[in-house]
Chemist: 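Could you have a look at this structure, given as structure tokens, before my questions?
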Amino acid sequence: MSYIDNYEKYLDETYSDIEKCRNTDQRIVFGYTSDADVLLTYSEQEFNAILEKYLKCEPSAGSDEVIDSMETFARIVSYYMQNGLGGEVDITNWEVVEYLLKHFEHVYSLGGTAAQGAAALASTGMPLIGYISDRSDIVCGLMDYPGLDAIKEGKRVPLKEIQQGEPVYHIVFAYTRGDKFRIGDREYEVPVANRMILDYDTIHKDIVVDDGFREYMEQNAKQIISYNLSGFNAIIDTELTGRRMEELGVHYRRMRENNPECIFYFESAHYLSPEVKTLVYQEISKYVDIMGMNEEELVAHTKEQNMSIDKNNLQDVIHGMDFIIDKYKVNGIIMHTKDYSMYYGEELEGINLEKALTLGNLLSGTRARIGHYGSLDECRESLELALSPVGLRFAEELEGMELDKKVCLVPSRYMEKPVCTIGLGDTFVAGVQFAFIK
């Protein structure tokens with residue numbers, strides 16, 4: 001049977017989902033990191049000037065590189081743009097930050113998977129709890145939504161009440177399909193809209209989750225609908241990672257004991273250290289129900305094991321997801337792309353996976369369309385967008401496959417030139433949470 005468009009049906013259900021949470025103490029939770037993103041506006045003239053002056057070799061990028069000069073910036077970023085890729089790289093030299101801020105127009109926005117996911121869900125009117133690391137006036141101001149609470153002294157309080165400290169800056173270098181740049185006498189065009197996140201950041205080299213927050217979560221576990229985990233990707237010290245994961249493992253076990261029905265959702269990311277990534281996944285996978293990622297992260301996972309998959313081939317994608325499920329023993333994976341989202345894994349009792357994928361697509365698609373986290377009314381306007389032809393083709397192709405695991409695929413509402421490409425994965429995760437409300 002061909003795909004049936006249920007976007008409007010599931011959007012209509014969100015109103016009662018929100019009311020249910022407003023009228024009870026049940027809450028969705030996002031943790032653990034936040035920052036102030038610096039959104040640069042791409043300038044062909046300025047980027048070409050960088051390449052002309054600083055690009056000394058062919059564009060290239062390794063898995064664990066850092067940007068320590070304008071030369072490495074030029075080499076790495078031009079490689080990502082040339083291939084339409086997105087990723088995250090550490091900046092270790094303040095002079096690179098100064099150069100970028102001086103030569104590119106920029107604005108400040110909210111960063112961090114937990115912070116963006118929480119803000120995206122709060123923008124629909126959903127009450128929830130957020131744990132954030134950067135508690136500066138910039139970040140708390142950007143997260144000042146009614147019903148978005150933090151934990152302070154054992155109680156839920158409006159997030160603005162935990163405001164303190166200086167901001168952490170992450171530079172977002174975004175590019176859209178068709179953006180041009182020149183290397184020598186050859187002109188290139190970006191094939192796919194994407195972005196690079198360039199972190200000049202020291203606090204996220206460690207993740208310390210407050211004792212008070214952990215105690216609140218464990219004592220009120222029966223009221224927690226879902227627990228969204230992210231933010232470990234900037235840690236580079238493996239010994240430190242081992243200690244932190246051991247501490248959090250105790251916390252997650254207590255949460256599981258106190259509420260077996262709580263959904264643990266872990267959103268993947270680009271890790272600055274492959275060794276840290278392995279340690280995090282080995283521990284997190286013991287507790288996680290669903291692991292989320294985009295297609296580039298899927299390719300990166302398999303490439304680390306010398307597997308080569310074509311992200312444009314559905315059979316290859318499923319083969320890659322099978323590999324990750326077998327390696328980390330998670331129940332299932334949700335993969336989100338610009339054309340579709342898909343769940344693959346065990347049947348999850350009581351969860352409407354089609355609803356999860358549909359509302360994830362809708363919230364992220366609305367942000368891509370209008371450039372900010374969308375209200376439910378703005379999400380409804382996104383229904384005017386057509387379904388992705390690639391997503392529809394994959395849905396039809398899936399019908400003819402015989403698979404031994406549960407699979408669900410939903411085409412996205414598609415646009416050629418999105419207004420925004422930042423935080424779409426985090427916003428997608430926000431939409432998924434509606435399906436966990438019982």
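Only this structure's heavy atoms are used, side chains among them; waters, hydrogens and symmetry mates stay out.
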Chemist: Tell me whether Arg195 is salt-bridged to Asp37, with the criterion being a basic N under 4.0 Å from an acidic carboxylate O.
Modeler: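 Salt bridge: no.
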Chemist: Hey, can you tell me if Tyr54 and Tyr99 have their rings parallel, tilted or perpendicular (30° and 60° cut-offs)?
Modeler: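 Because their plane-to-plane angle is over 60°, the rings of Tyr54 and Tyr99 count as perpendicular.
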Chemist: Answer yes or no for Arg135 and Tyr131: cation-pi contact, defined as NZ/CZ to six-membered ring centre under 6.0 Å and angle to ring axis within 45°.
Modeler: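 Flagged: Arg135 positioned over aromatic ring of Tyr131.
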Chemist: Less than 4.0 angstrom from a charged side-chain N to a carboxylate O is my criterion; do Lys417 and Asp179 meet it?
Modeler: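 Asp179 and Lys417: not salt-bridged.
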Chemist: With a 3.5 Å cut-off and no angle check, do the side chains of Asp134 and Ser136 form a donor-acceptor pair?
Modeler: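 Ser136 and Asp134 do have a side-chain donor-acceptor pair below 3.5 Å.
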Chemist: Would you call Glu8 and Arg380 a salt bridge, using N to O less than 4.0 angstrom?
Modeler: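 So Glu8 pairs with Arg380 through a salt bridge.
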Chemist: Ring-plane angle category for Tyr271 and Tyr281, please: parallel below 30°, perpendicular beyond 60°, tilted otherwise.
Modeler: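 If you compare the ring of Tyr271 with that of Tyr281, the planes turn out perpendicular.
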Chemist: Taking Arg22 first and then Glu19, would you say they form a salt bridge - that is, a charged N and a carboxylate O separated by under 4.0 Å?
Modeler: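 Salt bridge between Arg22 and Glu19, a charged N being under 4.0 Å from a carboxylate O: yes.
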Chemist: Between Phe47 and Tyr175, is the gap from one ring center to the other below 6.0 Å?
Modeler: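 No; Tyr175 has its ring centre 6.0 Å or more from that of Phe47.
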Chemist: Do NZ/NE/NH1/NH2 and the carboxylate oxygens of Asp199 and Lys205 come within less than 4.0 Å?
Modeler: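 Not counted as a salt bridge, because no side-chain N and carboxylate O are separated by less than 4.0 Å.
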Chemist: Both conditions, 6.0 Å and 45 degrees, for the charged tip of Arg413 above the ring of Tyr7: are they met here?
Modeler: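 Yes, Arg413 and Tyr7 form such a contact.
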Chemist: Check Asp339 with Arg393, please: is the shortest side-chain N to carboxylate O separation under 4.0 Å?
Modeler: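 Here Arg393 does not pair with Asp339 in a salt bridge, since their nearest N and O are not under 4.0 Å apart.
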Chemist: Before accepting this row, confirm whether a basic side-chain N of the pair Glu65/Arg75 lies closer than 4.0 Å to the acidic partner's carboxylate O.
Modeler: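 Salt bridge: yes.
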